[in-house]
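Along the sequence shown, the residues carry numbers beginning at 1. The figures that follow rest on heavy atoms only: side chains count, while hydrogens, waters and symmetry mates do not.
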Amino acid sequence: MTRGTGRTAQRGRSGPDSQGLLDSSLMASGTASRSEDEESLAGQKRASSQALGTIPKRRSSSRFIKRKKFDDELVESSLAKSSTRAKGASGVEPGRCSGSEPSSSEKKKVSKAPSTPVPPSPAPAPGLTKRVKKSKQPLQVTKDLGRWKPADDLLLINAVLQTNDLTSVHLGVKFSCRFTLREVQERWYALLYDPVISKLACQAMRQLHPEAIAAIQSKALFSKAEEQLLSKVGSTSQPTLETFQDLLHRHPDAFYLARTAKALQAHWQLMKQYYLLEDQTVQPLPKGDQVLNFSDAEDLIDDSKLKDMRDEVLEHELTVADRRQKREIRQLEQELHKWQVLVDSITGMSSPDFDSQTLAVLRGRMVRYLMRSREITLGRATKDNQIDVDLSLEGPAWKISRKQGVIKLKNNGDFFIANEGRRPIYIDGRPVLCGSKWRLSNNSVVEIASLRFVFLINQDLIALIRAEAAKITPQ
C-alpha cells in the first residue's frame, strides 16, 4: 500500500511540472511563430512601401569626382568590372554552381537586396561629353574677342555703314592690330550671323567709355555722298569753318552724326591736294616716248641757284681740329734732332742696311738699330729712364741694366763701346767688365745677357769722316 501511495504521490507531483514544461514550450513556439509572422509582415510592408515610394531615398550627387586610386583600389575596381561583365553575359554568378544550394549568408543577402537598391556604376553619359564640348566654345569666343577689341568692332561697324565696302574698310581704317582682308570679312560675317560672338561683342561695346566712343566715331570714313557734297566747294575759294558749318546745317541727313566743321575742312583740303574736287583736273602724262624721271629733273636743276647753307659750328670744330694737328706736327718736327736711333722690323726681304745718314747698324734677330749720331746709349727703357736703344724690343731684357753701355764714334772713325751696367758685355766672345771699354770693328758680335747682335759699319760714310778729319788736322 505504501508503495502504491508513493507512486501515486510521485505521479501527482510530476503531473504539474510536466504540464508547466508543456505550457512553456507551447508559449515559446507561439512566440517564435509570432516573431516570424511579424518579420514577414514587416518585409511585406517594406516591399509595398518601397513600391509606393514612401521610403525616402538616399541623397547622392551626380557629379563624378576624379581622384587618384591606390594600388589595392585599382585591383578591386578591375575585379568588379570583370565580375559585372560576367554577370551581364550569363546572369549567374560564376562562383556558384547550378546544383548547389545557397548558403545562409547568401540567403540574407538575397533577402536584403530589395530593401537597398544598388546604384549603377558611373558610366560616361553622352550628356556629360556634350557639356564638356559646350564649355569649350566660350573659350574660343573669348580668344577671338581677345584679338578683336570692342573699339575695333565699333570701327568696323561704322566704316561698313558708311562705305558698304569691306575692301575700302580694310584699306582706310586703322585698327588696333593689323588684320588681313579675309579676317575683316570673317569678323563682319561673324558679327552678323554668329549669335554668340555678336552678343559678346555688343556687351563689350556697351561697356566702352563715352569719350572712347566719340573718338571712334570721329574716325569714321567718309561716304560717297559726303565727298560729293564736299567736292562742290570750289578749289579757288577760301572756305572758312562757317562755310562747312553751314554745309552741315543744310544737309544733316547726308553727313555722319559725329562730323564737325573742322573735320570737313581737313577732308576738303585732303581732296584738294589729290585733285578730287569738281573744278580740278588732273594733268595728263606727256604723250612722247621720253617720260621725265627723277634723274632728268635733277639734271635740270641749276646748282648755282641753290643756296649754300653755312654751318658755323661745324666750321669752328674743323678749324680747332686743324690747329691741333698742326701743333702735333710742329712738336714732332722739333723732336727729330733728338731721334738718334731708328728701329725697323726685319722681314725676309730686308731693305739696305745703310743710307746717307746711318753711321752703323746694330742688327739683331728681330729688330735692327740704326746709329745716326756719334754717341748712343744701350739698355732697358722704363717710364723714368728713356734711352736711345731699347734692347727689350729684341727679346727678354730683365737681366739688362737700365743703362747697360754707350757706343761712341771717335774723330778718327773708330767705334768704342763702354760697359756701364752690372753684367759683362761680350765682344766676339771676350768679356768687357763694368767700367771697361773695347773697340768695335765691322761684323763684331755683341752679346748682352743672351741677346746677340752684329755691329755693321757704314764704310763709305766713315771713310768720308776720316778724310774730313785728315783735312782738318794739318791746319
Side-chain angles (χ1 to χ4, degrees), residues 133-233 235 239 241 243-245 247-249 251-278 280 282:
K133 289 181 181 178
K134 288 181 180 178
S135 64
K136 287 183 179 179
Q137 289 178 358
L139 295 176
Q140 295 176 356
V141 171
T142 55
K143 184 179 179 182
D144 192 14
L145 284 176
R147 184 141 188 250
W148 280 90
K149 305 293 188 299
D152 296 334
D153 292 334
L154 189 57
L155 271 172
L156 177 61
I157 293 169
N158 290 336
V160 172
L161 292 176
Q162 285 292 107
T163 60
N164 296 326
D165 186 10
L166 289 175
T167 306
S168 303
V169 172
H170 174 253
L171 295 175
V173 178
K174 187 176 181 181
F175 295 103
S176 61
C177 59
R178 194 169 183 176
F179 296 108
T180 61
L181 178 59
R182 186 171 182 178
E183 289 175 344
V184 172
Q185 292 174 351
E186 290 177 354
R187 184 61 180 179
W188 175 248
Y189 297 149
L191 290 174
L192 284 178
Y193 304 115
D194 195 335
V196 179
I197 293 178
S198 60
K199 183 178 179 181
L200 291 175
C202 291
Q203 290 177 358
M205 285 187 287
R206 288 193 192 98
Q207 294 176 0
L208 288 174
H209 197 270
E211 294 181 358
I213 294 174
I216 292 169
Q217 289 177 349
S218 65
K219 298 177 184 178
L221 297 179
F222 279 79
S223 62
K224 292 182 179 180
E226 291 175 338
E227 289 183 348
Q228 189 175 1
L229 290 173
L230 288 175
S231 64
K232 292 180 181 179
V233 180
S235 60
L241 290 176
T243 306
F244 295 104
Q245 190 67 37
L247 192 64
L248 279 174
H249 286 305
H251 305 280
D253 298 333
F255 288 100
Y256 186 62
L257 56 94
R259 299 285 186 237
T260 59
K262 193 172 183 180
L264 294 181
Q265 186 181 16
H267 194 71
W268 177 83
Q269 291 175 354
L270 192 63
M271 291 177 65
K272 180 182 176 181
Q273 181 181 352
Y274 288 101
Y275 294 90
L276 296 176
L277 301 179
E278 286 185 354
Q280 287 180 330
V282 181

Item to check | Heavy-atom closest pair, residues E226 and S223 | outcome: OE1-N, 3.1 Å

Next on the checklist: For a quick test of reading the model, state the closest non-hydrogen atom pair linking M205 to P150 and the distance between them.
Outcome noted: CG-O, 3.7 Å

Next on the checklist: Would you say that L276 contacts L230 through its side chain, given a criterion of any heavy-atom pair below 4.5 Å between the two side chains?
Outcome noted: no

Next on the checklist: Let me confirm one number: the CD1-CH2 distance from I197 to W148, rounded to the nearest 0.5 Å.
Outcome noted: 11.5 Å

Checklist entry - S176 and K149: which non-hydrogen atoms are nearest, and at how many Å? => result OG-CG, 3.7 Å

Checklist entry - Measuring from L191:CG to D194:CG, what's the distance to the nearest 0.5 Å? => result 9.0 Å

Checklist entry - How many angstroms lie between NZ in K224 and CG in D165, if you round to the nearest 0.5 Å? => result 7.5 Å

Next on the checklist: Can you give me the closest heavy-atom contact between Q228 and E278, atom names plus distance?
Outcome noted: O-OE2, 4.4 Å

Item to check | Shortest non-hydrogen contact from A159 toward V169 | outcome: CB-CG2, 3.7 Å

Checklist entry - Rounded to the nearest 0.5 Å, what separation is found between the CG atom of L270 and the CD atom of E227? => result 9.0 Å

Checklist entry - Backbone N or O of F175 within a donor-acceptor pair of the D152 side chain at under 3.5 Å? => result no

Item to check | Close side-chain approach of K199 to Q203, heavy-atom, < 4.5 Å | outcome: yes

Item to check | Salt-bridge contact R187-E183 (side-chain N to carboxylate O under 4.0 Å) | outcome: no

Checklist outcome for this item: The reported gap from OG1 in T180 to CD in E186 (rounded to nearest 0.5 angstrom) is 7.5 Å

Checklist entry - Do side-chain atoms of Q265 reach the backbone of F244 as a donor and acceptor pair under 3.5 angstrom? => result no

Checklist entry - Once you round to the nearest 0.5 Å, how far does NE2 of H170 lie from CG of L156? => result 11.5 Å

Item to check | ring-ring contact (aromatic ring centres under 6.0 Å, His included) against F222, all qualifying residues, sequence neighbours excluded | outcome: H267

Item to check | More than 12 heavy atoms of other groups within 6.0 Å of E211 CD | outcome: no

Item to check | Verdict with reasoning, F255 to L264, per side-chain contact (heavy atoms from CB on, under 4.5 Å) | outcome: CA-CA 10 Å; F255 288 100; L264 294 181; 3.6 Å; yes

Checklist entry - Heavy-atom distance under 4.5 Å between the side chains of T167 and L181, does that happen here? => result yes

Checklist entry - Of all residues at least two apart in sequence or in a different chain, which pass the side-chain hydrogen bond (donor to acceptor under 3.5 Å, both in side chains) check with S235? => result D279

Item to check | Exercise: identify the closest heavy-atom pair between S231 and L277 | outcome: CA-CD2, 3.7 Å

